[in-house]
Structure formats: structure tokens, C-alpha cells
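The model shown is predicted, which means the values in this text are computed figures rather than measured ones.
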Amino acid sequence: MDDRKSWPISLLKQVLSELVAETPDNLLSQELWLQATSSQQWWSTIQNITRSFAVMSVIGYIIGLGDRHLDNVLVDLANGQVVHIDYNISFEKGKNLRIPERVPCRLTQNIISVFGVAGVEGLFRQSCEHTLRVLRKGRETLLTLLEAFVYDPLVDWTPGLAGGLAGAMYGGQGAGEGQDKREMEHGLTFSMLGVRVAEMKGAWLENQHDLVAALFQVEESIGVWLELAAGLAKRGEDLTAMHRAMSMLKEAEVNPGHRLHTLLDIYQRHKAIEGGATAAKQQVLIFTQECDKMVALHQRALSSISGPQLAKWGQEVTVLLEQVGISSCNTVVTFLENAGQRELLGQYQQTEQELMTGVRRLGEEVKRALDQLNMYHALTSLYPAAGRTQHRVNMYSMWGNKLLENFSTETCDQIATEFAGLFSVQPTRVRELRTQHVKNMNMQLEQWNSEIIISMQRLYQKMMAENIMKPGKSGVLEELGRTREM
């Protein structure tokens, strides 16, 4: 293959190894040995050339120096100084040649043999490290010197171009066969911009950190200033109020009839009104608690009579009345007669009879009360839901809680309006319609009651004729109790 640029890496390494094997490695070291007049001079020459090669290798790597053949590396055999010439291929220009240069510096076996027994791991490495430290320490100076090439570069040193003198010397394209002038200018401009941005990045990052810190300080300062401004505005308002108060005091001093002289009376009236409002609020609280207590008791009473409890109580009263007829005086009659206490026996019998009579009366009243409770439960179960929620006691409780939450005249007016709409005795269109509706419902209920009574009388006569139920009130109550249990 004629194009060495397309050779594989393995072949290139093989050719390099063969060339290294065919070339003696002591050419330069032998010349230095023969040039020295003493061992001291030879040792000094070796030290100088090692340091010189190290310095030039690092500098050449930094600036991308290429084309380091034997004609461009001059060696002073007398003192060991190395001088490089022909800096045409710089800034990585060698990587774009027809045969690219991929090594960072020239370090062949002839040069390494000059370094002595330690090779590159001795004085050469120390000198390279020292050179790098010096370049890093003076990077500002180095960047300043190289900045001229950024703003006024040479075309031959630009890595993106293959023309120019280097291209002509190493087989590259001619000036008329490369990129056109406009693309060349664009490439140079963007290359310079990228270099400049990379140089300014560190400084801009520091500026960013400083700017963020400064903005935080400005924000804190603005917050402090706003607080101070708010405080100053408040002090200004206080000062204005004090000026108005001072003007009012001066007016009151010259005017005996000024309203400020009645301030004590106004304050006393205000305190009296405030005390009355507190007392009224306390009374509203007590009244509301009483209404809540009444509602709770009513709910508990309804829950007590809504189950089978009434029937159970009626049976207990019936059993008690049956047991009242049993007299207990028979157990003591013989004893009192034998003891001659007939008068005491008479008193005992009379007292027992009065007690039994009172118990019977009490039992009948209890049964009557149970009947009334049963009837009350039957009637209340027919009430609509609004009749319970809009009861006076419930509404008083709700209004009292609302007034306690917001004890103001607006709340009082609102409650008064609601009360007038629900319970006012003044004739209104809504109340007339409601009254007429209640009357109609009452007449309907009376009609239903008459029909139910007639039907129940017929049913009672039929049951009595068929001996299904006992006669009298006791039979009716017993049948009602049996119906509840079912």
C-alpha cells in the first residue's frame, strides 16, 4: 500500500520496531562522550542535555509543536544545550498532515540513551515535572503571549486547514483546492470564539458566584429596607394621628363646649353598654345551654318510648295492681286477737285498706300516663321532619349558638327576621297560607279519626260477638299490649 496513512496500527508498529532495531541507539551519547575532555565535563553535558530535552519536550507538547526531524533539532555538543528551529507546524497542525504526527514529542532511543542508566525515570522526569509546575504557575503570562495568535492567527497553524506552506511541503492540498475563503473565515472565527470562551469561562464562573452572593445580599438588604420603610410609614401614621389629637386638644382648651369634655360620660356609657352586652351574652349562653339540655332530654325521652319499653311498663303495672288485692293482715290477726289488741288490729286493717286504695289509684294514674305516652309517640311519629327541626327550642338553640359566635347587631337583626318569618303573630301572607293549610289538615285528621273510631267500634263488637277479646277496658289494653309485642 502506497498510502501510509491507511496502514493499520499493527503494521506501523512493526515497521517502527524494525527501524529501531536497525538504527544504533548510541549515536548521540557516543558523540557527547568523545566531545568531553573530562568526566566532569561529560557529566555536566549529560545533565544539561537531559534538562534541555525535558524542557523542550514539555513546551513542544504545550504548544503542539510538530515536524521534529533531525534538521529541526540542534544540539550543542560542547555544553549539551538543545535548540529547536522551524516552528511552522505548531498548535497540533501535525495531526492534519498527509501522514499525521501522533506523538506529543520526539523521544527516540538515541535521545533516551543520553539520559544514562535511569532513562526517562530519573532526571528527565523530574525536569519535566518542574517545567510543568513552572508553566502552571505562570499560566497567565503564557496565555497572554499566546493570545496574539487567537486574534491574529497564521493560517498554517490552524488545525482545520490543510493548505498553506505546510500543506505544500507535506503533500497537502493547494491553496486553490481547499475550502473557500468564506468557510475558512467562519472556521477561524468560531475557533477563536471557542478559545476565547474557554479562557473566559473560569473568570465568568467566579463572576457568577460573586454575582449570586451579591444578589443574596441585595435581597436581604431590600428586605431590611422594606421592614424599615413599613416601620417608618407606621411611625408617620402615628405622628399624623398624634397631630390630629393635639389639634383636638387645643380646640378643646379654647372651646368649653367641645365634645372632648364629654369624653368621660361617653366612656362611662360605653362601659355600661359593654357590661350590658357581656351580661346579655352570658344570659344567651345560659339560655342556649338550657335549650340544648331540653333538646337532649326530649331526644332521650323519645328514644325511651319508641321501643317496647311502654308495653313492658304496662305489664308491670298490671301485675302490681293484681297483687295489691292480696291482704297481709291475715297473718297477724290471730296474734293480735290473742294479745288483746283488737283496737290495734282495726287500725292496721284500716291503714292497709287506705294504702291499697292509694296504690290502686297510683297504678291507674301510671297506666293512664303510659297510655298518654303511647298516644304521644304515635302522634309524634306522624310529624314531618321540618316540624322537629323548626321547633322553637331547636331554633332557639341554633340562634343562640350563632349569636355566641358573632355577637353583633347584624346577627341580631338576622335572627329577628328569621323569628318573624317562623313564629311571628303578625298576619302575613305566608302565615295565612300556613294557617289555612293547618286547618285543612286538622279537618282531614278529624274526619279520619271519626272513620277510624266507627271502624274500631264495629271491629270491637265483632270481636266481642266472636269471644276473641275480653270485655271492658282491660280486654282492650291487653289486646293493645299483645299487638305491640307482635
For the side chain of S221 and the backbone of Q217, is there at least one donor-acceptor N/O pair under 3.5 Å apart?
yes
Are a donor atom and an acceptor atom from the side chains of D76 and N79 found within less than 3.5 Å of each other?
yes
CD/E92 to CG/L65 distance, rounded to the nearest 0.5 angstrom?
10.0 Å
Given 3.5 Å as the limit, does a donor-acceptor pair link the side chain of N207 with the main chain of A203, or not?
yes
Could you go step by step and tell me if K234 and D238 meet the salt bridge (Lys or Arg N to Asp or Glu O under 4.0 Å) rule?
CA-CA 6 Å; K234 184 66 171 59; D238 296 341; 3.0 Å; yes
Short side-chain to backbone donor-acceptor contact, S113 and D25, under 3.5 Å
yes
Indicate yes or no for a side-chain donor-acceptor contact from R235 to the backbone of L232 under 3.5 Å, with no hydrogens or angles considered.
no
Distance col, row E316:CD vs L370:CG, nearest 0.5 angstrom, shows 9.5 Å
Considering all heavy atoms, the nearest L77-Q35 contact:
O-CG, 3.5 Å
Is T45 reaching over with its side chain to a backbone N or O of Q41, donor-acceptor style, under 3.5 angstrom?
yes
Considering only NZ, NE, NH1 and NH2 on the basic side and carboxylate oxygens on the acidic side, decide whether E253 and K250 come within less than 4.0 Å.
no
Search all heavy atoms of Q109 against all heavy atoms of P24 and return the closest pair with its distance.
NE2-O, 4.4 Å
If I take atom CG from residue L27 and atom CD1 from residue I111, how far apart are they, to the nearest 0.5 angstrom?
11.5 Å
Counting only heavy atoms not in E18, do more than 12 fall under 6.0 Å of its CD?
yes
Relative to the ring of Y396, is the ring of F287 parallel (under 30°), tilted (30 to 60°) or perpendicular (over 60°)?
tilted
Rounded to the nearest 0.5 Å, what separation is found between the SG atom of C291 and the CE atom of M294?
6.5 Å
Could you walk me through whether M200 and L205 pass the side-chain contact (heavy atoms from CB on, under 4.5 Å) check?
CA-CA 9 Å; M200 299 174 62; L205 289 177; over 6 Å; no
Measuring from atom CG of L404 to atom CG of L285, what distance do you get when rounded to the nearest 0.5 angstrom?
5.5 Å
Please check: side-chain N/O of R269 versus main-chain N/O of Y267, any donor-acceptor pairing under 3.5 Å?
no
Between S52 and N48 (side chain of the first, backbone of the second, donor and acceptor by atom type, cut-off under 3.5 Å), is there such a pair?
no
Verdict with supporting geometry, Q414 and F419, side-chain contact (heavy atoms from CB on, under 4.5 Å):
CA-CA 9 Å; Q414 182 181 0; F419 178 84; over 6 Å; no
Looking at R68 and R106, would you say the former's side chain and the latter's main chain have a donor-acceptor pair under 3.5 Å?
no
Test item: side-chain donor near acceptor, T411 and N406, under 3.5 Å:
yes
For M56 against V82, the heavy-atom pair lying closest together
CG-O, 4.2 Å
Please confirm whether the ring centroid of F124 lies under 6.0 Å from the ring centroid of F53.
no
With a 4.5 Å cut-off on side-chain heavy atoms, are V120 and F115 touching?
yes
Here the pair of heavy atoms bringing L403 nearest to C412 is CD1-SG, 3.7 Å
With side chains defined as the heavy atoms from C-beta onward, is the minimum distance between T23 and N110 less than 4.5 Å?
yes
Grab the two heavy atoms, one from K95 and one from P100, that are nearest each other, plus how far apart they are.
O-CB, 3.5 Å
Hey, does the side chain of E101 reach the backbone of D67 with a donor-acceptor pair shorter than 3.5 angstrom?
yes
Test your reading of the model: is there a side-chain donor-acceptor pair from Q444 to the backbone of N440, 3.5 Å cut-off?
no
Minimum heavy-atom distance K402-E418, with the two atoms named
NZ-OE2, 3.7 Å
Is there a donor-acceptor contact under 3.5 Å linking the side chains of H69 and N72?
yes
Approximate separation, where rounding is to 0.5 Å, of T108 OG1 and L28 CG
8.5 Å
